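Note that the structure is predicted; figures quoted are calculated from it, not measured.
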Amino acid sequence: MSSKTLLTEAWWMKLTLASVLVLLITNVGLFLRMNQLQATVASRFDAGTERPRLTSLDAGTPAPDFALDTVRGRTVSLGDFDGQPLLLMFSSTDCPACQRMYPALKQLGDEHPELHLLMVSRGSIEENQALVDAQGFRFDVAGWQDPVARAYQVPATPFVFALDSEHRVLRAEVAGSIEALEALASEVAAAG
């Protein structure tokens with residue numbers, strides 16, 4: 001091999017290495033910026049700042065019926081809660097905000113057994129079962145179905161509906177904080 005060929009190959013190797021290094025630095029920078037943005041959004045939800053309306057199911061709107069399979073192997077429907085107010089949470093097993101709400105939801109269920117709770121969780125049967133096992137939920141966790149989420153116009157998770165005993169929407173919102181979740185639960189309890 002000639003010295004000119006060796007110099008050309010060395011130049012291409014350096015150029016390739018420099019390109020890979022630039023791409024690596026760019027990816028790390030993007031990753032860090034995405035984490036900053038996610039933290040900013042989460043902190044605004046946690047701070048209780050004004051949030052835009054994310055659903056068109058107005059207060060007083062009848063809640064759509066559903067039939068969903070639970071991790072306990074039974075089918076649950078809205079009719080199973082006839083005459084009872086309901087806290088209905090739409091969640092996802094891979095949602096960080098949902099994961100922050102799980103302990104508060106468990107505590108609500110444990111401290112208020114009279115409060116009827118149902119979680120509709122996006123995740124496989126195995127993931128939802130692992131969630132129930134890890135959190136020790138005593139209330140039903142049902143599998144997600146897109147038609148049900150569309151009927152409820154769920155824009156994000158964790159999204160919670162407070163339903164009265166006639167299954168009309170009292171309030172619906174992103175449960176971005178434990179305080180928001182507790183306020184929704186209080187509204188359901190007062191409707192009972």
Rounded to the nearest 0.5 Å, what's the gap from [atom1] on [X] to [atom2] on [Y]? Could you check?
X	Y	atom1	atom2	result
Phe159	Tyr152	CZ	OH	12.0 Å
Thr61	Leu163	OG1	CG	10.5 Å
Thr93	Trp144	OG1	CH2	10.5 Å
Asp94	Thr157	CG	OG1	7.5 Å
Thr70	Asp140	OG1	CG	4.5 Å
Leu170	Leu184	CG	CG	9.5 Å

Backbone of [Y] reached by a side-chain donor or acceptor of [X] within 3.5 Å:
X	Y	answer
His167	Asp65	no
Asn128	Gly143	no
Arg72	Phe139	yes

> Transitively linked via ILVMFWY side-chain contacts under 4.5 Å: Leu181 with Val188?
Replying inline: yes

> Do other residues, nucleotides or ligands put more than 12 heavy atoms under 6.0 Å from the CZ atom of Arg138?
Replying inline: no

> With side chains defined as the heavy atoms from C-beta onward, is the minimum distance between Asp80 and Ser77 less than 4.5 Å?
Replying inline: yes

> If we only count heavy atoms from C-beta on, is the Leu131 to Glu127 side-chain gap below 4.5 Å?
Replying inline: no

